[in-house]
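The next block holds one structure in the form of structure tokens; read it before the comments.
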Amino acid sequence: MTKIEIPADHPRRDSLEVREKIIEGHDLHIVATAGLLAHGRGEAFDYLIGEHTTYQARLAMRAAVAATLTAKHPVISVNGNICSLIPDDLVEFSEIVRAPLEINLFYYRKEREDAILKALHDAGAKDVLGTHDRPSTTIPELSSNRRKVDPEGIGSADVVIVPLEDGDRTEALCKMGKFVITVDLNPISRTSVYSNITIVDNIVRVLPIMVEMVHEMKKLPHEELVRIVQEFDNEANIRSALNLMIEHLSSKASQSIEELKEGKK
Ligand code: ATP
Ligand code: MG
């Protein structure tokens, strides 16, 4: 399929470029068709937070980096959407925090697994867990395809990073005693409310910031990192994200149609 060129002065350029990446990922079999719809749901919530990284999201990222740096065995769960959007950042983050990448697909097809594996290898990933040629163990109480996990990955992880996750699996991971970190633009998805740390922001903005944070925070003493995780209040953070969306909408509701046309903040 031909890639659409988005004009440099298009007011929705950034968002459309990200959309093009997802479409390209779908053409390459990396993204499932349902993944396109999940992306659209994310875009809608991104509009509600004003398409920028909030202070609250940064707080959650800081806690997430601290939890990952203090984990014994952190693992990052990879799905088609994140692989097509930010493969390079994903591989860089995985390397600097020493958290292996594990492919975990709801809509499994060999063709998809191969396409994702290739995209990760092209981005520089060395070892990728969760592929069908590897041993697998199962998450109890989960009936979908995704109950299969890699014993050297999520199976034995203490901290699991599951961006754009599905609610049932998040709940099952929590029941297994895992500390779950997610990135989800919908602050009230089941994934968001079940996770221990919920970063309400777009994954394309999150990972580059978290990579920077790791470089700064890895110099902090262990006790300081532990304190950052303990002091983080996920419930309060989710509530603030929701309140920011409400405030953003009410400020829009008070604008004139001319201000709305100008895209006034
Ligand atoms: P749940 O099962 O957790 O209640 P859901 O059914 O709303 O969630 P899914 O469709 O399973 O969610 O997963 C997609 C989730 O990822 C959505 O909540 C969507 O808002 C979010 N999402 C999609 N694209 C992005 C993105 N680029 N960055 C962050 N979040 C995203
Ligand atoms: Mg769901």
Side-chain angles (χ1 to χ4, degrees), residues 12-26 30-54 56-61 64 76-90 93 103-108 112 116 119 139 141-147 160-176 178 180-211 234-235 237-238 241-242 244-245 248-249:
R12 310 257 337 119
R13 186 184 162 93
D14 290 352
S15 170
L16 292 182
E17 277 186 347
V18 175
R19 195 180 276 187
E20 281 302 311
K21 271 198 196 167
I22 279 279
I23 296 172
E24 209 183 322
H26 185 250
I30 295 172
V31 174
T33 306
L36 297 175
L37 302 172
H39 182 77
R41 185 178 288 169
E43 283 181 344
F45 280 99
D46 208 4
Y47 238 103
L48 299 185
I49 54 165
E51 295 176 310
H52 73 279
T53 299
T54 63
Q56 280 72 10
R58 276 182 188 275
L59 275 184
M61 283 182 225
I76 306 168
S77 180
V78 177
N79 67 16
N81 285 43
I82 62 170
C83 176
S84 84
L85 290 175
I86 31 109
D88 299 330
D89 298 309
L90 201 54
F93 184 73
I103 301 180
N104 197 272
L105 307 176
F106 192 88
Y107 299 96
Y108 177 84
R112 273 194 78 213
I116 291 175
I139 302 180
E141 298 175 56
L142 201 60
S143 52
S144 80
N145 230 332
R146 303 185 76 188
R147 70 183 179 278
V160 194
I161 306 171
V162 284
L164 281 60
E165 183 55 90
D166 135 86
D168 293 357
R169 190 157 172 270
T170 311
E171 190 181 348
L173 290 171
C174 291
K175 281 198 184 142
M176 284 172 83
K178 312 280 181 198
V180 180
I181 299 172
T182 197
V183 179
D184 192 330
L185 278 158
N186 175 1
I188 48 168
S189 74
R190 285 164 37 84
T191 300
S192 287
V193 299
Y194 270 99
S195 293
N196 299 91
I197 300 179
T198 306
I199 302 164
V200 182
D201 196 5
N202 198 319
I203 188 76
V204 300
R205 294 190 296 264
V206 169
L207 270 186
I209 299 176
M210 283 184 47
V211 166
N234 204 42
E235 184 175 343
N237 201 267
I238 287 176
L242 273 173
L244 283 174
M245 288 180 180
H248 185 72
L249 275 180

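Each ligand, and each atom within it, is numbered from 1 in the order the structure gives.
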Please answer whether the main-chain N or O of S77 pairs with a side-chain N or O of N104 as donor and acceptor at a distance below 3.5 Å. no
Provide the number and element of each atom of ligand 1 under 4.0 Å from a heavy atom of G167. 1 (P), 2 (O), 3 (O)
Out of R190, R205, R41, whose heavy atom sits nearest atom 12 (O) of ligand 1? R41
Does V204 have a heavy atom less than 4.0 Å from any atom of ligand 1? no
Side chains of T191 and D184 only: does a donor on one sit below 3.5 Å from an acceptor on the other? no
Which atoms of ligand 1 are found less than 4.0 Å from any heavy atom of A38? 10 (O), 14 (C), 19 (C), 23 (C), 24 (N)
Give the atoms of ligand 1, by number and element, whose distance to some non-hydrogen atom of G42 is under 4.0 Å. 19 (C), 20 (O), 22 (N), 23 (C), 24 (N)
Would the distance check show the side chain of R147 and the main-chain N or O of I139 forming a donor-acceptor pair, the cut-off being under 3.5 Å? no
Salt bridge between E17 and K21, side-chain N to carboxylate O under 4.0 Å? no
Please indicate whether any nitrogen or oxygen in L85 is less than 3.5 Å from any nitrogen or oxygen in ligand 1. no
Under 3.5 Å donor-acceptor, N237 side chain and Q56 backbone: yes
So is E43 in contact with ligand 1, going by heavy-atom distances below 4.0 Å? no
In the structure I gave you, are the side-chain heavy atoms of I86 and I203 within less than 4.5 Å of one another anywhere? yes
4.0 Å heavy-atom contact, V206 with ligand 1: no
Checking D46 side chain against I49 main chain: does a donor-acceptor pair fall under 3.5 Å? no
Should D168 be counted as touching ligand 1, given the test is an N or O pair under 3.5 Å? no
Should you measure from each heavy atom of N186, which atoms of ligand 1 turn up under 4.0 Å away? 18 (O), 20 (O)
If you count the atoms of ligand 1 from 1 in the order shown, which ones are under 4.0 Å from a heavy atom of T191? 3 (O)
Consider only side-chain N and O atoms of T198 and N234, and report whether a donor and an acceptor are under 3.5 Å apart. yes
Please check whether I203 reaches ligand 1 - meaning an N/O of the residue sits under 3.5 Å from an N/O of the ligand, judged on distance alone. yes
Over 12 foreign heavy atoms within 6.0 Å of CZ, R190: yes
Numbered atoms and elements of ligand 1 in range of D201, under 4.0 angstrom, heavy atoms: 28 (N), 29 (C)
